[in-house]
Amino acid sequence: MARDKIALIGSGQIGGTLAHLVGLKELGDVVMFDIAEGVPQGKALDIAQSSPVDGFDAHLTGANSYEALDGAKVCIVTAGVPRKPGMSRDDLLSINLKVMEQVGAGIKKYAPDAFVICITNPLDAMVWALQKASGLPHKKVVGMAGVLDSARFRYFLADEFNVSVEDVTAFVLGGHGDTMVPLTRYSTVAGIPLPDLVKMGWTSQTRIDEIVDRTRNGGAEIVNLLKTGSAFYAPAASAIAMAESYLKDKKRVLPCAAYLNGEYSVKDMYVGVPVVIGSKGVERIVEIELAGKDREAFDRSVGAVQGLVDACKKIAPDLLGR
Ligand SMILES: NC(=O)c1ccc[n+]([C@@H]2O[C@H](COP(=O)([O-])OP(=O)(O)OC[C@H]3O[C@@H](n4cnc5c(N)ncnc54)[C@H](O)[C@@H]3O)[C@@H](O)[C@H]2O)c1
Ligand SMILES: O=C(O)C[C@H](O)C(=O)O
């Protein structure tokens with residue numbers, strides 16, 4: 001059986017980690033694409049040379065031309081620039097918007113049947129622009145952020161309770177920015193929601209509030225430590241979970257930036273909500289009940305994403321006609 005082709009558009013920190021994970025997990029053959037000459041070729045060769053040691057079979061190549069995407073089953077987009085200390089993700093909007101226009105055109109021409117996962121920031125606006133620029137169906141274009149933000153929340157909670165990360169579930173919804181919404185009511189240890197764990201004396205509301213705050217600032221914490229760029233191991237692992245659910249039709253329920261057309265009372269926008277990912281792409285939007293403070297926080301977050309999408313529309317009005 002021929003292996004699936006996975007195209008990684010952007011071969012920087014996340015792109016390289018993605019290629020390595022695709023190999024280690026034997027998810028398919030990899031084509032790494034970048035505008036930097038030699039970088040995708042060098043990384044692909046380096047990772048290919050690790051395959052005899054780790055015992056995986058995958059064909060890895062690098063390219064500087066969009067033709068290399070031809071026939072890709074999955075495209076994962078990290079092309080663009082990351083932020084540095086003192087910057088917000090939103091500061092990347094105008095530079096990365098131009099990149100999304102180029103990448104969208106490349107995908108439209110060479111990989112129109114692919115499942116596309118966007119990672120480039122500011123995420124919710126960039127996945128919106130990428131869908132417009134590529135013209136692919138909404139259910140085949142999705143953004144990665146919620147899996148990462150929820151993984152951070154899960155990790156901090158597991159650490160707080162001194163339990164396995166495997167037994168902690170969490171959902172972080174909304175936009176991938178300072179307004180993201182970690183949902184305590186839908187976050188659990190072995191099925192026990194966080195508010196019940198507070199009542200049981202496992203922790204205090206103050207500690208939960210501190211963990212929520214750390215989760216919201218999880219990206220900036222790493223940017224400030226690295227100084228030269230942003231997180232890449234956990235973001236790559238998160239996108240791989242989404243790609244794997246598509247390739248293996250696992251139908252995992254994952255928080256992703258998905259296109260909403262009325263769900264959650266949001267129209268024509270990508271925002272983080274739980275979705276089912278299977279072989280058809282985003283197969284279902286899971287509409288959970290949001291009440292009180294959670295609903296207010298979600299609406300505030302949607303407002304922030306709307307502001308970024310409006311900025312995209314101003315900078316690139318031609319995207320709207322697509
Ligand atoms: N959604 C998330 O949760 C999340 C998490 C981490 C990082 N990010 C974002 O992902 C993006 C990539 O992060 P990184 O750490 O891999 O950055 P990086 O700088 O290491 O890699 C980006 C790559 O994109 C390439 N590139 C730039 N313009 C391009 C173009 N027009 N066409 C093709 N390639 C192009 C660069 O040459 C570089 O190799 C950033 O925007 C970052 O903010 C998002
Ligand atoms: O924080 C960033 O700029 C990168 C990414 O969005 C993250 O959350 O790690």
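Read the numbers this way: they start at 1 and go in the same order the structure lists the ligands and their atoms.
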For [atom], the protein heavy atom that lies nearest, with its residue and separation:
| atom | answer |
| --- | --- |
| atom 8 (N) of ligand 1 | N121 ND2, 3.4 Å |
| atom 26 (N) of ligand 1 | G80 N, 3.6 Å |
| atom 20 (O) of ligand 1 | Q13 N, 2.8 Å |
| atom 34 (N) of ligand 1 | A79 CB, 3.4 Å |
| atom 7 (C) of ligand 1 | I14 CD1, 3.3 Å |
| atom 1 (O) of ligand 2 | R83 NH2, 2.7 Å |
| atom 6 (O) of ligand 2 | H176 NE2, 2.6 Å |

Legend entry - Proximity of N121 to ligand 2 by residue part, where a heavy atom lies under 4.0 Å: side chain
Inset, instruction - Provide the closest heavy-atom pair for K251 versus S245 in the form atom of the first, atom of the second, distance. - result: N-OG, 3.5 Å
With the side chain counted from C-beta on, respond yes when [X] and [Y] share a heavy-atom pair under 4.5 Å apart, and no when they do not.
| X | Y | answer |
| --- | --- | --- |
| I47 | F56 | yes |
| F161 | L194 | yes |
| I117 | C75 | no |

Does any N or O of ligand 1 fall below 3.5 Å from an N or O anywhere on [X], backbone included?
| X | answer |
| --- | --- |
| A145 | no |
| V81 | yes |
| F33 | no |
| D34 | yes |
| H176 | yes |

Legend entry - Contact check: D149 vs ligand 2, nitrogen or oxygen atoms, below 3.5 angstrom: no
Inset, instruction - Classify the ring geometry between F298 and Y264 as parallel (under 30°), tilted (30 to 60°) or perpendicular (over 60°). - result: tilted
Which ligand 2 atoms are under 4.0 Å away from a heavy-atom of [X]?
| X | result |
| --- | --- |
| S230 | 2 (C), 3 (O), 4 (C) |
| G219 | 1 (O), 7 (C), 8 (O), 9 (O) |
| A231 | 9 (O) |

Legend entry - Option of least heavy-atom distance to atom 12 (C) of ligand 1 (set: L8, N64, T78, L148): T78
Legend entry - Residue selection (non-hydrogen contact nearest atom 9 (C) of ligand 1) among I35, I119, D149: I119
Inset, instruction - Decide whether the shortest distance between a heavy atom of N96 and an atom of ligand 1 is less than 4.0 Å. - result: yes
Inset, instruction - Consider ligand 1: state whether an atom of it lies below 4.0 angstrom from any non-hydrogen atom of G229. - result: no
Legend entry - Atoms in ligand 1 flagged as close to P235, the criterion being non-hydrogen separation under 4.0 Å: 5 (C), 6 (C)
Inset, instruction - Using non-hydrogen atoms of the residue, decide whether R152 is closer than 4.0 angstrom to ligand 2. - result: yes
